[in-house]
Engineer: 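One structure follows; several queries about it will come next.
These numbers come from a predicted model, not from an experiment. Computed from heavy atoms alone, side chains included, the values below leave out hydrogens, waters and symmetry copies.
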Number of protein chains: 2
Amino acid sequence: MSGKLRITVNEAKYLKLIYRQQYEKLCKVKTTLLARSVGVRPATVTEMLQRLAEKGLVKYTRYHGVKLTEKGVNEARKLLRKHRLLEVLFVRFLDYNVQKACVEASKLDYYASENLVNTICRTYGHPKNCPCNKAVFCDERCRGEAKEERT
Amino acid sequence: MSGKLRITVNEAKYLKLIYRQQYEKLCKVKTTLLARSVGVRPATVTEMLQRLAEKGLVKYTRYHGVKLTEKGVNEARKLLRKHRLLEVLFVRFLDYNVQKACVEASKLDYYASENLVNTICRTYGHPKNCPCNKAVFCDERCRGEAKEERT
DNA sequence: AAAAATTTTTAGGATAAACCTAAATTTTTC
DNA sequence: GAAAAATTTAGGTTTATCCTAAAAATTTTT
């Protein structure tokens with residue numbers, strides 16, 4: 001029924017950004033704001049929002065901004081889970097400071113496998129928060145103590 | 001003097017592959033072999049080799065394969081250093097097996113910063129080899145004990 | 001060493017993801 | 001409701017991939 005959803009790294013960037021705006025800063029997600037955050041022209045953002053809408057990740061209303069759909073929220077949380085567990089690793093294991101950890105995690109999160117972040121998650125006893133105290137979202141496949149993972 | 005060298009993730013894949021052929025398997029690097037490894041048609045490989053040659057990363061002789069230039073070797077080693085230190089992390093800290101570690105490292109190596117891998121390197125006391133016993137190439141900026149890194 | 005087989009390259013395209021400017025449209029503000 | 005601001009549309013450009021089919025070079029076979 002559902003053709004596998006392919007998200008580019010750039011689309012992922014927007015999803016994370018939109019999620020943080022909509023759910024964590026609780027503000028409307030407008031084109032110009034996104035354009036400034038990403039560092040592109042507004043027209044470029046519009047194009048991206050239309051693409052995300054076509055993929056069913058956001059509800060886009062011309063001239064009025066976007067909201068993540070359920071599917072979009074799930075994707076964003078998957079990405080932010082990866083991002084934040086990488087931050088946990090960098091801060092706790094490598095003594096990175098929070099800011100550096102975030103920068104590095106941003107480069108890698110999209111590419112990290114679910115298995116990798118689940119292993120990190122288990123290793124640290126399923127942390128509830130990342131180093132900057134935002135939520136580490138749950139993955140129901142991620143259970144158990146540090147040892148058991150195989151494949 | 002030297003305009004900053006921009007390598008795409010795909011180009012990086014070829015560099016790693018060519019390096020391993022040329023220096024570790026000690027065999028000639030031919031188009032068809034690369035095509036099979038990467039999973040594309042020979043014509044696509046030819047195109048890539050020409051691009052790598054333009055960037056000064058390989059010496060390419062029509063119909064006779066490629067050799068990495070000094071610049072190409074340096075780039076390849078930088079990438080393989082990242083790759084192998086990520087493997088070290090995954091195997092030693094997350095108990096990954098060698099094969100899984102390699103797969104995961106392949107997804108991330110290109111995107112990992114030099115600072116990240118140097119921190120891993122320091123944390124493990126500058127390991128000489130990766131889990132599959134290949135060399136971890138040196139970076140002269142990578143010195144010292146586990147603690148001192150800041151910024 | 002010539003013919004046949006194989007490998008490699010060239011030529012000519014296709015596609016997808018970004019990004020842009022300028023003009024048109026809609027919304028917001030005064 | 002007019003002016004200002006934000007947003008979208010239209011029409012392009014660029015870059016990186018990848019492809020097929022035909023041509024060219026190399027290698028193998030006889």
Engineer: Does any part of the side chain of A:Lys82, heavy atoms only, come nearer than 4.5 Å to the side chain of A:Ser113, both counted from C-beta?
Structural biologist: no

Engineer: Does A:Val40 or B:His64 map to a spot on DNA chain C nearer the 5' end, using the closest nucleotide for each?
Structural biologist: B:His64

Engineer: Using the side-chain heavy atoms of B:Met48, tell me which of these nucleotides is nearest: C:dA22, D:dA21, D:dT17.
Structural biologist: D:dT17

Engineer: Return the value, rounded to whole Å, for the distance between atom CZ of A:Arg6 and atom C1' of D:dT17.
Structural biologist: 16 Å

Engineer: Looking at B:Asn10, I'd like to know whether one of its side-chain N or O atoms comes within less than 4.0 Å of OP1 or OP2 on D:dT15.
Structural biologist: no

Engineer: Using heavy-atom distances to pick each residue's nearest nucleotide on DNA chain D, tell me which of B:Lys30 and B:Glu11 is more 5'.
Structural biologist: B:Glu11

Engineer: Taking pairing as Watson-Crick or G-U wobble with both contacts under 3.5 Å, can you name the mate of D:dT30, or confirm there isn't one?
Structural biologist: C:dA1

Engineer: Given that B:Ala43 and B:Arg36 both sit by DNA chain C, which one's nearest nucleotide is further toward the 5' end?
Structural biologist: B:Arg36

Engineer: Whole Å only: how far is the CZ atom of A:Arg41 from the C1' atom of D:dG11?
Structural biologist: 17 Å

Engineer: Nearest whole angstrom, please: distance from the C1' of D:dA16 to the OH of B:Tyr14.
Structural biologist: 12 Å

Engineer: Regarding A:Thr46, tell me which of base, sugar-phosphate or nothing describes its non-hydrogen contacts under 4.0 Å with the strands shown.
Structural biologist: base

Engineer: Whole-Å distance between D:dT17 P and B:Lys13 NZ?
Structural biologist: 9 Å

Engineer: According to the Watson-Crick and G-U wobble definitions, with both distances under 3.5 Å, which nucleotide is paired to C:dT7?
Structural biologist: D:dA24

Engineer: Determine whether B:Glu75 and B:Lys78 satisfy the following criterion, salt bridge (charged side-chain N to carboxylate O under 4.0 Å, His left out), listing intermediate values before the conclusion.
Structural biologist: CA-CA 5 Å; B:Glu75 282 305 320; B:Lys78 249 190 246 176; 3.5 Å; yes

Engineer: Report yes if at least one side-chain N or O of B:Thr8 is closer than 4.0 Å to OP1 or OP2 of D:dT17; otherwise report no.
Structural biologist: yes

Engineer: So, A:Thr31 side chain and A:Thr46 main chain: donor-acceptor pair closer than 3.5 Å or not?
Structural biologist: no

Engineer: Between P on D:dC18 and CG on B:Leu34, what's the gap in Å once rounded to a whole number?
Structural biologist: 13 Å

Engineer: Is the shortest heavy-atom distance from the side chain of B:Arg62 to the side chain of B:Tyr60 under 4.5 Å?
Structural biologist: yes

Engineer: Report which part of the nucleic acid A:Thr44 touches: base, sugar-phosphate, or nothing (heavy-atom distance under 4.0 Å, all strands).
Structural biologist: base

Engineer: By the 4.0 Å heavy-atom rule, please label B:Gln50 as base, sugar-phosphate, or nothing.
Structural biologist: sugar-phosphate

Engineer: Are A:Tyr63 and D:dA5 close enough that a side-chain N or O sits under 4.0 Å from OP1 or OP2?
Structural biologist: no

Engineer: In whole angstroms, how far is the C1' atom of C:dA22 from the CD atom of A:Glu47?
Structural biologist: 15 Å

Engineer: Take the protein atom NZ of A:Lys28 and the nucleotide atom P of C:dT28, then report the distance between them rounded to whole Å.
Structural biologist: 8 Å

Engineer: Is A:Val136 close to A:Tyr124 at the side-chain level, that is, under 4.5 Å between some pair of heavy atoms?
Structural biologist: no

Engineer: Return the value, rounded to whole Å, for the distance between atom CZ of B:Arg51 and atom C1' of D:dA16.
Structural biologist: 6 Å

